[in-house]
Amino acid sequence: MSAPGFTNLNSSISYGQNPATPHRNGPAQTYQPMHPPTGCYGAPPQQQSYPTIPAHPAPVPSKAPITNSAHSANYYRSNHHQQQQQQHLSQHHVAPSPYSASPSSAPPSQTYATLPSSAPPPSNAHYSQQPLQQQHHPPYAPPGSYYGPQSYHAPPAQQSQQQPSLVPAPAVGPGAPVYPIVSYPSAPGSSQFGTLSSSQSAAAHGVMPTQMGAPLHQYGTTRPASTAAVQPGYGVAPPSHLAPTVNGQGGTGHQHYDQSQPASLSYDSYGDADHPPSGTPSASVHSSPGHHQGMQYGYAANSGASSASAATSGPAAAPSSSSSEDDDDDDDEEDEEAGGDTSSSSTGSASPVPNSYDNLEGGSYPDSMPPSNHMTNQAAPYGNYGYPGMPPAYHQGPAAVTDSSPSHDPYGQSSYQQYSQPFPNMSQLSAALGGLSGVPELEVAALRPVNLLQERDLLPHRPLEAPEPNLSPDLKKVNCCPQSFRCTLTSIPQTQALLTKARLPLGLLLHPFRDLQLPVITSNTIVRCRSCRTYINPFVTFLDQRRWKCNLCYRVNDVPDEFMYNPVTRSYGEPHKRPEVQNATVEFIASSDYMLRPPQPAAYLFVLDVSHNAVEAGYLKYFCESLMDNLDKLPGDTRTRVGFLTFDNTIHFYNLQEGLSQPQMLVVSDIDDIFIPSHDSLMVNLKESKELVKDLLTSLPGMFSESKETHSALGPALQAAFKLMTPTGGRVTVFQTQLPTIGAGSLQSREDPNQRSSTKGVQHLGPATDFYKKLALDCSGQQIGVDLFLLSSQYTDLASLSCISKYSAGSIFYYPSFHCTQNPTQLEKFQKDLERYLTRKIGFEAVMRIRCTKGLSIHTFHGNFFVRSTDLLSLANVNPDSAFAVQMSIDDSLADSSLACFQAALLYTSSKGKRRIRVHTLCLPVVNQLSDVYAGADVQAITCLLADMAIDRSITSSLSDARDALTNAVVDLMSAYKNNVCNLQQSGLVVAASMRLFPVYILSLLKQKALRTGTSTRLDERVFAMCEFKTQPLQQLMRMVHPDLYRLDDMSDQGALHLNDTVVPQPHLLHLSADRVTRDGAFLLDCGNVFYLWIGKSCDHLFIQDVLGFPDYASIPATMTHIPELETLLSERVRAFLDWLQDKRAFSSTLTVMKDNSSAKASFFQYLVEDRSEGPFSYNEFLQHIQQQMS
Amino acid sequence: MAFTFAAFCYMLALLLTAALIFFAIWHLVLPEYLIHFFFCVMFFCAAEWLTLSLNLPLLAYHVWRYMSRPVMSGPGLYDPTTIMNADILAFCQKEGWCKLAFYLLSFFYYLYGMIYVLVSS
């Protein structure tokens, strides 16, 4: 089901579906019940599709789902528009009646009876109770309107065993929703969600059902037995299809549901356990979707459920959701958290049916747990199916899944022992975790004193990797990827005094939303520390199976019952094997507790400058072309809204209301008091008005080609955009080509061209007005992010304009001297950037909170955002290409712990309208020796953090201050090292090997556009470089600061990478010095966003022929921006290498071939930072300068 | 009579403070500066040169502080985008404590001065 294009759909689908799904879930459940009655269900048993039912174990899951569904439902419903959703809806509709039937499913009661027998339910008293409840409540169906049904259904499934017919239907629908808990590894394809859906969708669907069943199981653990019988059918996804037949009505519909339910798959696993039989159940692909659905339903269910006691189980979930909503008031996760807590508490009470609901919210876990036992039996099958998509790691779990139906076994330590990872619940392990021991070789290498005056070949052959923290291998294995989360000191000093002594900055560099595949966890209870709200992570300590100790605040928390079941392995009692505890980076599907309002749809507003200047530059045509090409790739779902607004000295709105024959332009000329001419038709649904949008994009470039208006009313246009977007929030993309001259926010030219190369300092680095900042803060408050594309040939006061993006978490793009015909390089870059920009992932209404171990505190943030409290960033939009930096300080001694942890949690709404939380956790050792601090220093991260600090300094103080501070950073480090660590009374400059590149990097920083003096630099370019420093991820930033230089004409295959069928040579890095660039070679300079291929005058003819396709040096054209695809080995190697470099970055870089002539020389040689150019130090002089300063 | 006046002033000050805190927290600084300036003018009029010289440094600081505030169109001293930086936050807090101490000491000094005048007259 998800297949339909929504790869992510699993998750996303669930959302979209959710609306429907909720119903579906309910319906599904109902269906199940109904089915049984119908007899169709007889088939139901086969309902393999329903197999999901097994999910019944789902009862638990159902809870979670429910909440989710409930919340999501509101939005999603609207979203539902999605095809899938529609399907679901149809199903749902059907389902509803079924649900009602579900009550009828009373037969289930029988099931219950059966259940008990089958169900190990006994294991957990709660569970057993649940079953009972179920039995009593066969009514489940009733409650089930959603939840109830689901859970109930599950029971039915079990029952189904007895009463096959009944079981199938119920199980599927309900279970899935419930299971949301299930964690899917995000599918590779969809970075986050999408992936899951795609891979899992097929299998998942089946799985989902299982989950559904699982929840049920919780209640009627008994189900397992019954489920077994029925479930098998369910389990099989294909069967689901069959099921349709069974269900006469909704066979198809059911299938759909199943799929949706699949989302719950992970949960299913729980359910699966219950439904061993169901084991057949194909893996629940849709787990996520199911969850969503579940959630939606949940909401609905909530109301209903609460009402119905029987439904209680289901209802409970719903209530929780509602509670969460209350929490919504708080924007932050905290609120969410609170909600979660409540739920958890509820979970505690397992007994009464009503409780069951509670359980659902929080307690669902517990319930699920019992099921898990049951599930274990069945689970295995499910797991296999559902998880197929999942990472191998997950699969591992399943094997274990034996039936030790009793939860007890799971708890057995044995399971723990199996783990090699540090997670061990045992407190003992904590000691091991410290893992400070044995670092010997690395540390020694990192500590080797290097005399910079003597050693010249400091660069490694390959680009520098992040240093590995000195942790135990177990911890290392699970630690957060350095590309996402990096600390300047991989060994944290124990006290502030030690940190001060080391003279190194302590800080974090984060790239939280970068494109990656990660496990997605759907769970009704997101396990967090009760006092500091930290998410459970691989570095917590399990004191025993029921308690875990927070690694940030050291509070001891209870492990929720639900958490005891491992959906991946389908085993019970192994909380340390849950994906949350196995991965330092995970993504949760958040429940409504984490929403202040229903998730917003993706909304994009394009604000286009159409003044004479813009027409001259000619960007409009290329923008329209690019948007037209990518219209279908804009991230979003069926609710996606778009709008256009153009401006010169007036503001033009475009009415794109569906049904119009052509777009209508509405002109507002009163720029002093901007109003929105029409409220409904300016931001339109992309899907419904696609033709009109295309019409507009086709005609737009021509409409203003005669424009003579030279004024630009950017300020009023932004105000209009703000008003237009206020109801939804979203992304505003502004294209500007000149200085805003009229209306609010108009600016004056502040640059004096004669001062461009002044060495005295640079004025006007700060904003001239706070108009843009205030507007940005308003935007941020309304969840509107503003991205700025500046295409101008003249001064446009980026220092003021950039504020609009800086404080609304937007991004800034700058194309100096942009002209569509005179500057083809910029045009090409603009087009490539635009394509990436339009199609890249986006998160809306996001907040990011950074938590750290007690004793550490956050000092300053760097990046584009608004800081809402001392540890909370408000991000109206979050994009995968922006990074953040944080300065930390040590408030209290960290002596009582051997580990320090940092956790960044990003809560956002995906473009599919799902609320998600991405959690990164980084764990580092704490040391008390200065030498250890130096050994763990990450020179690249330090450089980037210092660059951020220097930029702040240059704006608040002055540029020369900032430059002095950077130089002093080197001097201080050298002195500190010499005085405290290096006992040898060596002359010269001695530094630890780990920091040997520090002076080079700082020298490079001083020569960057942002910070250089003496070289002519336009103010806008300088300010833009500063913005880049603040927002670029580390790798990209380091390439800009210290470009990578390779020699290409003598590449060998030695040490080459073999990727697929291509061989990627790995030439050695060269120092950035002119004496490395010889006339007889060809060199590639990788500057991050541009490649320079330098061809020496006497370069090998073979290289020129084979790679460039020209006979000799003289025939190479002066401007060449592409490497031809030649069928020669060398050409293939060069292109493979370039592609390989390119693949690692988000925005494609342009290539410029440079010949060895004077004009090119200047632009190429400015990157050779170790040489003396135009005044500043060469590397040698810099070292001598440092030495003088030290004495 | 004197006591009732003091009590009245005290209550008025409390009310004013509460109002300032609740209704204009970011603009609180301006009233503070203005009141302080008003005091200084009164001391000038009363030819209280010693007291005035004690207050002049603070007055100068206030002028400098407000002149060098971040770019903003409205009144106010604190920039919402940077105030959460630990450095700035710590500085502002320290500044607040110091001024509180100064105002408190001045209060007793003024009280002493007032009573001294009342008694001696």
Side-chain angles (χ1 to χ4, degrees), chain A residues 496 506-507 715 744-745 747 750 764-778 780-781 797 799-800 802-809 850 856-874 885-891 948-949 952-953 955-957, chain B residues 16-37 56-103:
Chain A
Q496 179 71 35
L506 175 61
L747 299 168
R750 296 189 290 166
H764 308 308
L765 289 172
T769 164
D770 69 340
F771 171 82
Y772 295 99
K773 181 160 78 183
K774 278 162 71 179
L775 190 58
L777 295 181
D778 290 342
S780 183
D797 201 353
S800 301
S802 63
C803 289
I804 190 71
S805 296
K806 260 187 196 168
Y807 302 113
S808 66
I850 299 172
L856 292 167
S857 68
I858 293 171
H859 193 274
T860 306
F861 292 97
H862 301 279
N864 288 356
F865 46 69
F866 174 56
V867 189
R868 251 205 337 233
S869 77
T870 49
D871 62 348
L872 185 72
L873 301 181
S874 162
V886 184
Q887 280 171 253
M888 316 276 310
S889 57
I890 303 174
D891 294 342
D948 284 336
M949 293 160 70
D952 273 357
R953 177 76 71 93
I955 292 172
T956 56
S957 180
Chain B
L16 274 177
T17 314
L20 289 174
I21 289 173
F22 283 108
F23 297 113
I25 193 150
W26 293 120
H27 307 287
L28 250 183
V29 289
L30 265 195
E32 180 208 321
Y33 289 5
L34 290 179
I35 291 171
H36 185 254
F37 177 72
L56 273 183
L58 185 62
L59 190 66
Y61 174 76
H62 282 165
V63 173
W64 171 81
R65 185 90 165 88
Y66 205 75
M67 298 287 284
S68 61
R69 70 190 185 129
V71 177
M72 56 178 66
S73 45
L77 187 59
Y78 303 113
D79 180 351
T81 58
T82 56
I83 191 67
M84 284 301 173
N85 283 4
D87 279 344
I88 297 176
L89 200 58
F91 172 78
C92 293
Q93 277 176 337
K94 218 176 287 173
E95 182 191 38
W97 282 113
C98 291
K99 284 208 284 197
L100 182 65
F102 178 80
Y103 288 139

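Only this structure's heavy atoms are used, side chains among them; waters, hydrogens and symmetry mates stay out. Protein chains get the first letters and strands the later ones, always in sequence-line order, with residue 1 at the start of each.
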| note | Applying ring pair (Phe, Tyr, Trp, His ring centres under 6.0 Å) to H62(B) and not counting sequence neighbours gives Y33(B), H36(B)
| T81(B) OG1 to F861(A) CZ distance, which is reported to the nearest 0.5 Å | 13.5 Å
| message | Is K774(A) in contact with chain B via its backbone, its side chain, both, or neither, using a 4.5 Å heavy-atom distance? | response | side chain
| message | Would N85(B) and H859(A) count as a side chain to side chain donor-acceptor pair (under 3.5 Å) here? Give the steps. | response | CA-CA 6 Å; N85(B) 283 4; H859(A) 193 274; over 6 Å; no
| request: Check each atom of L777(A) against the heavy atoms of chain B and say whether the ones under 4.5 Å are side chain, backbone, both or neither. | output: side chain
| Proximity breakdown for A768(A) and chain B, heavy-atom pairs closer than 4.5 Å | backbone
| query | So do the side chains of T860(A) and I88(B) get within less than 4.5 Å of each other, counting heavy atoms only? | reply | no
| remark: When rounded to the nearest 0.5 Å, the distance separating CE of M84(B) from CG of D871(A) is 9.5 Å
| task | Take L89(B) and T870(A) through the test side chain to side chain contact (heavy atoms under 4.5 Å, CB included) and record every step on the way to the result. | result | CA-CA 10 Å; L89(B) 200 58; T870(A) 49; 4.2 Å; yes
| field | Non-neighbouring partners of D770(A) that pass salt bridge (charged side-chain N to carboxylate O under 4.0 Å, His left out), sequence neighbours left out | value | none
| message | I need the D87(B) CG to M949(A) CE distance, nearest 0.5 Å. | response | 8.5 Å
| Does F866(A) reach the side chain of P80(B), with side-chain heavy atoms less than 4.5 Å apart? | yes
| request: Answer yes or no: are there more than 12 heavy-atom neighbours, outside F91(B) itself, under 6.0 Å from its atom CZ? | output: yes
